[in-house]
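Numbering of residues begins at 1 and proceeds along the displayed sequence.
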Amino acid sequence: MATYSTRTVTTIRREWIVPAADPWGACIGDINAATAIACRTYREERGLPADAPLADDALRFRVTDDEIVISFETEQPA
């Protein structure tokens, strides 16, 4: 007789989008502002102190045709 269990996990991805259209790309001030709020939100959602260092893989930066998307994911039981 097989023994197993099952579960459903919901993944929530938070994103901050910085416009980066050609020919100018994104401004460093916009990238820094979006990164700062993403870091703050990451810490708040995980109950970390405001000055806690983040792991290198805490945030993801993806480049699309005309924007930079900064994101992180949170999993929770459904």
CD1-CZ distance between I37 and R14, expressed to the nearest 0.5 angstrom: 9.0 Å
side-chain contact (heavy atoms from CB on, under 4.5 Å) assessment of E75 paired with T10: CA-CA 6 Å; E75 292 184 353; T10 302; over 6 Å; no
Interatomic distance, E45 atom CD to Q76 atom CD [nearest 0.5 angstrom]: 9.0 Å
R60/E73 salt bridge by N-O under 4.0 Å criterion: no
Does a side-chain heavy-atom distance below 4.5 Å link D66 with P19? no
Using the side-chain contact (heavy atoms from CB on, under 4.5 Å) rule, take F72 and E15 through it: C-alpha gap first, then chi angles, then the decisive distance, then the call. CA-CA 7 Å; F72 70 85; E15 295 183 340; over 6 Å; no
When rounded to the nearest 0.5 angstrom, what is the spacing between CG in D30 and CD1 in I68? 9.5 Å
Would you name the heavy atoms of D51 and R43 that are closest together and state the gap between them? C-NE, 4.4 Å
Mind listing the closest non-hydrogen atom pair of I70 and T35 along with its distance? CD1-OG1, 3.5 Å
Give a yes or no on this: more than 12 heavy atoms of other residues, nucleotides or ligands lie within 6.0 Å of atom CG of D57. yes
Going from CD1 on I12 to OG on S71, what distance comes out if it is rounded to the nearest 0.5 angstrom? 13.5 Å
Have a look at V69 and tell me which of I17, V63, V18 forms a side chain to side chain contact (heavy atoms under 4.5 Å, CB included) with it. I17
Does T11 form a side-chain contact (heavy atoms from CB on, under 4.5 Å) with T74? I'd like the steps, not just the answer. CA-CA 6 Å; T11 301; T74 304; over 6 Å; no
Is atom CZ of R62 surrounded by more than 12 heavy atoms (other residues, nucleotides or ligands) closer than 6.0 Å? yes
Give a yes/no verdict on a cation-pi contact between R46 and Y42, requiring under 6.0 Å between NZ or CZ and the six-membered ring centre and an angle within 45° of the axis. yes
Can you check whether W16 and F61 have ring centres sitting under 6.0 Å from each other? no
